[in-house]
Visitor: 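Handing you a structure now.
Whatever order the structure lists ligands and atoms in, that order sets their numbers, starting from 1.
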Amino acid sequence: MHVEAAGLYFDYSKNRLTHATLALLCDLARQCGLPERRDAMFRGDPVNATEKRAALHTALRAPKGVKVVADGVDVVPEVHALLDRMADFARQVRNGQWRGYTGKPIRNVINIGIGGSDLGPAMACEALRHDSHAGLHMRFVSNIDPADLHEATRGLHAEETLFIVCSKSFRTFDTLTNARAARQWCVAQLGDERAVANHFVAVSSQAQAVAEFGIDTRHLFGLWDWVGGRYSMDSAIGLSTMIAIGPDNFHRLLAGFRAMDVHFQTAPLHHNMPVLHGLIAVWNNNFLGAETQAVLPYSHALRRLPAYLQQLVMESNGKHVTASGQQVPRPTSPIVWGEPGTNGQHSFFQLLHQGTRLAPCDFIGFCRTTTGQAAQHDLLMANLFAQSEALAFGKSGQELRDEGVPSEQIAQRVCEGNRPSNTVLADELSPFTLGALIALYEHSVFTQGVLWNIDSFDQWGVELGKVLAKRIAAELAAGDGAAMAHDSSTNMLIRRYRANASASGDLP
Ligand code: F6P
């Protein structure tokens with residue numbers, strides 16, 4: 001029970017299933033129309049039904065010459081033209097040709113964005129730090145908490161700092177608030193509004209809003225409607241990644257995505273890595289009753305991967321109705337969580353081994369380290385292999401007795417085993433491997449969404465909170481006199497906050 005593709009080796013043998021189970025799950029996938037739905041996605045059909053849009057992230061990594069038609073237009077030449085513009089800009093920043101307002105080269109790049117406009121590049125820049133420009137410091141600001149930007153800019157000189165404002169819609173409150181505060185910080189240091197031209201670029205699909213903000217649209221890198229936020233790390237949203245690792249490595253990242261795309265499109269279902277991964281997730285979730293999915297990269301560089309996958313998986317498949325509005329009659333997306341190994345072992349692994357809940361795990365590891373310290377890397381990987389073995393096979397009371405463990409401790413020390421996990425093993429954490437790994441999860445999420453018949457590409461559930469936050473922000477700004485018509489709990493919380501909050505000045 002293993003399959004290899006795009007430089008990844010996927011071992012799914014430590015699951016509670018047999019070949020017969022898998023054959024039945026593949027039948028289920030066929031009955032749900034997975035091959036047809038997959039082909040429709042690659043073809044550019046409006047698979048995002050509720051927003052009547054294509055989900056063509058796979059076109060972002062299609063090589064020149066491949067044709068992908070959306071709304072009657074072959075989008076691949078446009079994709080490559082944009083990649084070339086990004087590469088040109090990234091090279092200028094990397095080699096010091098791009099100058100700040102006072103003529104100094106850029107040393108700090110701060111990406112301002114949230115959700116899909118932050119998590120992918122933040123994760124990729126950490127993951128590929130060993131392939132990155134040593135003289136450039138990459139930082140990421142996402143949280144509307146002013147502490148985030150405050151910390152990111154602390155000790156920096158504006159004249160050496162470039163801001164990339166990333167927002168597909170260019171109306172995300174968190175991002176625009178931070179971008180305005182960053183502009184204020186920059187102009188205050190450099191003493192001239194004109195400095196914005198040298199220190200701010202944007203990634204967005206909304207040129208007019210970018211211009212209104214004050215960023216020259218010659219410094220705008222575009223996005224198409226058919227790129228969803230959480231599927232955008234390989235689009236212009238990856239500009240910070242490209243600046244960090246360079247255009248050649250970015251193309252290697254795209255090649256990794258592409259290799260997994262081709263595998264997903266062409267391999268038979270029972271040998272198809274994303275399909276198997278997705279079917280096992282459905283098996284664990286709907287048949288065995290697991291509610292969560294732990295992601296455990298045995299790689300310090302991949303420490304942001306669980307956060308990235310939380311958005312990819314849960315914003316895509318955390319849905320209660322089908323694409324046509326019917327109640328889904330079974331649980332949908334698992335709750336994704338995780339930490340890198342070995343840290344997690346000294347915190348929550350106790351529950352994985354002996355708790356009463358079923359918590360399937362994805363282990364991710366690499367044969368070679370990028371640090372040159374192979375012996376210490378062996379210790380890391382010994383832990384990964386040990387954990388999946390211990391989860392699967394446990395330790396019985398008899399084995400403990402045979403080892404001479406005192407009888408009063410036997411019950412406490414028994415590990416039942418039979419706890420499911422997958423392991424993804426690759427030779428090393430390269431741009432190519434990272435691309436393949438992310439595409440594996442993207443297509444697994446798609447597979448799961450097809451089985452639940454939900455729209456994996458919309459996210460209506462996030463809207464209500466945004467609307468309420470706007471209303472409450474206006475009430476907070478209006479002070480004590482503002483009428484409040486919330487529930488009693490919310491009214492009391494707001495009153496208590498107002499009574500104790502520091503006096504607020506003007507927003508940037
Ligand atoms: O609120 C959720 C969301 O719309 C995500 O889907 C998206 O990735 C994020 O906000 C940021 O959106 P934008 O890039 O438009 O600022």
Visitor: Nearest protein heavy atom to atom 10 (O) of ligand 1: under 4.0 Å?
Guide: no
Visitor: For the ring pair F221 and F89, is the centre-to-centre distance below 6.0 Å?
Guide: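 Ring-ring flag for F221/F89: true, centres closer than 6.0 Å.
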Visitor: I want to know whether F10 and H277 have ring centres closer than 6.0 Å.
Guide: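 Yes; H277 has its ring centre under 6.0 Å from that of F10.
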Visitor: Using a strict cut-off of 4.0 Å, indicate which atoms of ligand 1 neighbour a heavy atom of I114.
Guide: 9 (C), 11 (C)
Visitor: For ligand 1, is R171 a contact, meaning one of its heavy atoms is under 4.0 Å away?
Guide: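 The answer is no, since R171 has no heavy atom less than 4.0 Å from ligand 1.
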Visitor: Looking only at N/O atoms, are E315 and ligand 1 under 3.5 Å apart anywhere?
Guide: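 So ligand 1 has an N or O lying under 3.5 Å from an N or O of E315.
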Visitor: Under 3.5 Å between some N or O of ligand 1 and some N or O of G229?
Guide: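 By distance alone, the answer is no.
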Visitor: If we only consider heavy atoms of E463, is any one of them less than 4.0 Å away from an atom in ligand 1?
Guide: no
Visitor: Which ligand 1 atoms are under 4.0 Å away from a heavy-atom of T172?
Guide: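 Heavy-atom distances to T172 below 4.0 Å select 12 (O), 13 (P), 15 (O), 16 (O).
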Visitor: Which atoms of ligand 1 are found less than 4.0 Å from any heavy atom of S167?
Guide: 13 (P), 14 (O), 15 (O), 16 (O)
Visitor: Can you check whether Y441 and Y308 have ring centres sitting under 6.0 Å from each other?
Guide: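 Not under 6.0 Å, so no.
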Visitor: Only heavy atoms count here, so choose which of S316, G228, S117 is nearest to atom 14 (O) of ligand 1.
Guide: S117
